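Values in this document were obtained by computation on a predicted structure and should not be read as measured data. Below, chain A is the first sequence line, B the second, and so on; all start at residue 1.
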Protein chains: 2
Amino acid sequence: MVKLRLLLVEDDLILKDGLERAFTKSGYAVDVMSDGDSANKLLTYQEYDVIVLDLGLPKLDGFEVLKRLRARGSKTPVLILTALEDTRNRVKGLDLGADDYLAKPFELDELEARVRALIRRGVSGGSAKISFGDLVFDTSNRQCSFKNVTLSLSQREVALLELLMLKATKVVSKAKILEHLCSWDEEMSENAVEVNVSRLRKKLNIFGIEIRTIRGLGYLLAKLEPVD
Amino acid sequence: MVKLRLLLVEDDLILKDGLERAFTKSGYAVDVMSDGDSANKLLTYQEYDVIVLDLGLPKLDGFEVLKRLRARGSKTPVLILTALEDTRNRVKGLDLGADDYLAKPFELDELEARVRALIRRGVSGGSAKISFGDLVFDTSNRQCSFKNVTLSLSQREVALLELLMLKATKVVSKAKILEHLCSWDEEMSENAVEVNVSRLRKKLNIFGIEIRTIRGLGYLLAKLEPVD
DNA sequence: TTCATGCTGTCAGCTTAATGTCAGCTTGCT
DNA sequence: AGCAAGCTGACATTAAGCTGACAGCATGAA
């Protein structure tokens, strides 16, 4: 079993350390760079299977590293990390050829799930996908389809579905959803979550996918089974 | 036999002392911190096999300590202690990546059983589970399943079952159950316990699990055996 | 600009599930 | 038998969650 090579570009000391340890533990061969310039230089001669790239970097920011990497023709999957829950940055990153995007603070689970998805993508070609049965979520263009039929979902619905799919079959609490849907400055009621769940649920039910309510705990994604 | 390293973060003097002594006696290598900030710092460079974390801490609360620990990528199992029987806190804690949760006041037995479960989990991977025959209780999402069939239980039923499983095959008194089911401000009759037992019993019988009544003493969990 | 369109949060009223109490019954012990 | 302990169906009361309707806002076309 050959280890997968992962490059982590992150300047925050503690985060860098933690992530390095975590990825190493998960069986990746991890290299770490803490500024954009060295990362960029390293990438001119070293190939990786996946790159986790912070945007706020000293010397050369993440956007620039990514841009130059793509300019050199590399197709290595890149996952962007950023301190800001900012749609503009997400869009800019994806435009520059990032394959996925994660806003801090994030959870390790989530990051690892996404990295796995990116690598799977790398193997199969195409873009990074998370699937749940016949439901497929493409992280690079943030679209979701069921048996090749693209669902028409709003941003909120996409974000919600993404979270549910990442945690598939695990309970996701309203608080968690709230946190995932809105950034830290904006406020939102729990009822808003209910409303969004309701809207998404209606669309998913058509395809036999159920958002199950676990009273007092949250929601989880499940295949709709014939009730006995 | 190498000792397991346990970090106890608790500010209450008496409790801290008692727990430290108890865990030491049980063969753990125990370190104790009494505020969130020092615990957080310690955790940046020291690994533990399990962490018992109080939520109400000076300087940096337990949630924050946990959040930072997870953000650094640590997967060390964490058991949260809190003064409040508060569902919101429980949910929040589990969202932040706690593996189990215990409301004060608790019994030492119970705490130790849970810590053991967490450590067992650490070895086997996955989340902390308590099992009883084919019945498995997942403490991290508070769901119970029998041979992979998830049981549909209310919160009260879950709490009751959890207690019975922890003490499996030992008699649990009504008073104890009462204490475990409701927090200290709310009152509840013994009959309520009987009702809850009755409801849970009905659901468990389907799976051949019996809640046996020990007249005058309490209840215990048992496999339903053909009566002789 | 102005209007239309779609997204999304809030609200209100409704539906459903959870759960304690009670009453009357059953069980088991002496 | 007679008593105490325990059981459980029925009911009432909350609490949680759902959803249609509406309004504010952004976007884009006329």
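- Within 6.0 Å of NZ on B:Lys75 lie more than 12 heavy atoms contributed by other residues, nucleotides or ligands.
- In this structure, CD of B:Gln155 is placed 14 Å from P of D:dA15, rounded to the nearest angstrom.
- Distance B:Arg156 CZ to C:dA17 C1': 14 Å, rounded to the nearest Å.
- A donor and an acceptor atom, one from each side chain of A:Arg201 and A:Thr213, are located under 3.5 Å apart.
- With a 6.0 Å radius and a threshold of 12 heavy atoms from other residues, nucleotides or ligands, B:Ile14 has its CD1 atom at or below the threshold.
- With distances taken from any side-chain atom of B:Ala192 to the nucleotides C:dC7, C:dT19, C:dG20, the minimum falls on C:dG20.
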Original post:
Where along nucleotides 1-8 of chain D does protein come under 4.0 Å, by heavy atom, of base (B) or sugar-phosphate alone (S), with - for untouched nucleotides?
Top reply: ---BBSBB

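- Here C:dG20 presents its P atom at 13 Å from CG of B:Leu200, a figure rounded to the nearest Å.
- Between B:Ser154 and C:dA17, a side-chain N or O to OP1/OP2 separation shorter than 4.0 Å is absent.
- If you measure from atom CG of B:Leu161 to atom P of C:dT19, you get 14 Å, rounded to the nearest angstrom.
- A salt bridge links B:Lys167 to B:Asp109: one of the charged nitrogens lies within less than 4.0 Å of a carboxylate oxygen.
- Using a 4.5 Å heavy-atom threshold, the side chains of B:Glu10 and B:Val52 count as separate.
- Taking atom NE2 on B:His180 and atom P on C:dT19, their separation rounds to 14 Å, with Å as the unit.
- Here the options are B:Leu181, B:Leu178, B:Ile177, B:Asn191, the test is side chain to side chain contact (heavy atoms under 4.5 Å, CB included), and the partner is B:Asn196; only B:Leu181 passes.
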